[in-house]
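Within every chain, numbering begins at 1; the chains are lettered A, B, ... in the order of the sequence lines, protein sequences first and strands thereafter. Below, all heavy atoms of this structure are taken into account, side chains as well, without hydrogens, waters or symmetry copies.
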Amino acid sequence: MPEEKLAKAPKIIQCCPECGGNRLMRDYDVAEIVCMGCGFVVAEKLTDEGPEWCAFDREQMAKRTRVGAPTSPRVHDKGLSTKIGWFYWDIYGKGLSPEQRYQLNRLRKWQHRIRLSDPTERSLAFSLSEISKAADKLNLPKNVRDGASVIVRKAAKGRLIRGRSVAGITAAAIYIECRQAKLSRTLEEIAQASNIDKKDVGRDYRFLVKELGYFIPPPEPAQYVTRLLNQLNVQGTVEEIAHKILIRTKELKLTAGRGPTGIAAAATYIASYLGGDKKTQREIAEMAKVTEVTIRNRYKELVRRLMFVVTL
DNA sequence: AAGACGAAAGTGGTTGA
DNA sequence: TCAACAACTTTCGTCTT
């Protein structure tokens with residue numbers, strides 16, 4: 001591509017659109033540009049331009065040079081197929097005539113059709129784009145997206161999607177990944193981000209876990225507490241107390257059979273009270289997505305059982 | 001007046017026959 | 001498939017700060 005065309009390439013971002021900071025880091029392991037100030041993902045799907053081999057002389061260099069981008073589980077053909085570019089100039093950088101443009105468009109259209117002609121491929125492509133959409137809404141990191149993609153692939157390979165909705169299986173895969181990565185996303189949030197009924201996602205989730213033989217431990221209240229405290233804008237002492245409470249709660253096995261969000265909310269309530277930054281039950285209930293009644297029941301229980309144990 | 005409390009009835013999911 | 005069950009929610013009247 002000639003110089004003047006190169007100049008048309010997307011401009012390299014210099015500062016974070018979120019916080020305005022200029023400490024941007026390229027992380028090739030997860031293929032992202034991340035702001036070191038606020039953690040905002042500025043760009044993703046980077047291609048590592050460098051070679052993964054070493055050459056010690058010209059001969060080796062010539063031998064080892066080859067082309068091709070790294071594969072990605074997030075594209076339905078793992079990014080291995082050829083794609084016709086979007087631009088309208090030839091290899092010399094000269095513009096195309098209207099007829100040539102028309103031809104190019106037809107080529108693109110047909111290539112797209114051929115690439116996605118197999119129904120399995122098509123549903124896989126759909127599913128992977130859904131993962132990407134939902135993951136954007138939920139702010140999920142790369143590894144979770146990739147993991148979810150792998151699960152969907154496994155499901156497709158094992159013919160587990162037959163008779164079920166692709167969207168449901170996709171959402172379930174995301175949920176499995178979140179649970180495995182110990183991310184505090186509830187089934188409800190994922191169902192919402194994917195526009196599917198919570199019940200359906202739950203059903204497909206249980207089905208996939210069973211069929212693919214996953215072992216997923218129940219979520220721990222501690223996973224939810226950190227996010228809850230962030231949403232409520234409290235740190236410091238309250239945070240410390242909340243975690244202390246949860247450690248004791250776990251030791252005394254008070255979590256058995258109880259919803260982790262309820263326990264997290266109750267611990268937060270107690271901690272905010274003791275830490276001198278009191279939040280109302282309603283505030284916490286709203287953030288934790290449980291009712292005030294549940295907070296009351298849990299926190300009474302915790303206070304009763306922990307009173308003699310915790311030295312706060 | 002806002003927040004907390006608790007009783008009572010209702011809901012949705014799990015379990016075991 | 002169905003009933004029993006525990007956890008949780010909804011609702012609402014009452015008490016406390």
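Across the protein-nucleic acid pair, A:Lys210 atom NZ and B:dT14 atom P stand 13 Å apart, rounded to whole Å. With rounding to whole Å, A:Lys198 atom NZ is found 10 Å from B:dG12 atom P. What separates CD of A:Glu188 from P of B:dG13 is a distance of 11 Å, to the nearest Å. Here the C1' atom of nucleotide C:dA7 and the CD atom of A:Glu301 are 11 Å apart, to the nearest Å. A:Asn297 has its CG atom 10 Å from the P atom of B:dC5, to the nearest Å. Rounded to whole Å, atom C1' of B:dA4 lies 14 Å from atom CD of A:Glu283. Between A:Arg296 atom CZ and C:dT11 atom P there is a gap of 14 Å when expressed in whole angstrom units. If you take CG of A:Asp197 and P of B:dG12, they are 10 Å apart, rounded to a whole angstrom.
Among the heavy atoms of the strands lying under 4.0 Å from A:Thr291 is at least one base atom, whether or not backbone atoms are also near. Residue contacts shown for A:Arg206 are limited to sugar-phosphate atoms, with no base heavy atom under 4.0 Å away.
Taking the side chain as every heavy atom from C-beta outward, A:Asp204 and A:Arg164 approach each other to under 4.5 Å.
Within the structure, a side-chain polar atom (N or O) of A:Arg258 is placed less than 4.0 Å from OP1 or OP2 of C:dA7. Note on A:Lys278: a side-chain N or O is less than 4.0 Å away from OP1 or OP2 of B:dA4. Between A:Tyr269 and B:dG3 there is no side-chain polar atom (N or O) within less than 4.0 angstrom of OP1 or OP2. Distances shorter than 4.0 Å separate some side-chain N or O of A:Gln281 from OP1 or OP2 on B:dC5.
When each of A:Lys279 and A:Val293 is assigned the nucleotide of DNA chain B bearing its nearest heavy atom, the one mapping closer to the 5' terminus is A:Lys279. Both A:Arg282 and A:Lys300 sit near DNA chain B, but only A:Arg282 has its closest nucleotide nearer the 5' end.
Geometrically, A:Arg185 does not engage A:Tyr175 in a cation-pi contact defined by less than 6.0 Å to the ring centre and at most 45° from the axis.
Searching all strands for a Watson-Crick or G-U wobble partner of C:dA6 with both distances below 3.5 Å returns nothing.
When each of A:Val225, A:Ile263, A:Ile270 is checked for a side-chain contact (heavy atoms from CB on, under 4.5 Å) with A:Ile245, only A:Ile270 meets the rule. No option in A:Val201, A:Asp200, A:Asn195 other than A:Asp200 meets the side-chain contact (heavy atoms from CB on, under 4.5 Å) test with A:Asp197.
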Notebook entry, point to check: Could you walk me through whether A:Glu239 and A:Val234 pass the side chain to side chain contact (heavy atoms under 4.5 Å, CB included) check?
Noted result: CA-CA 7 Å; A:Glu239 206 172 338; A:Val234 286; over 6 Å; no

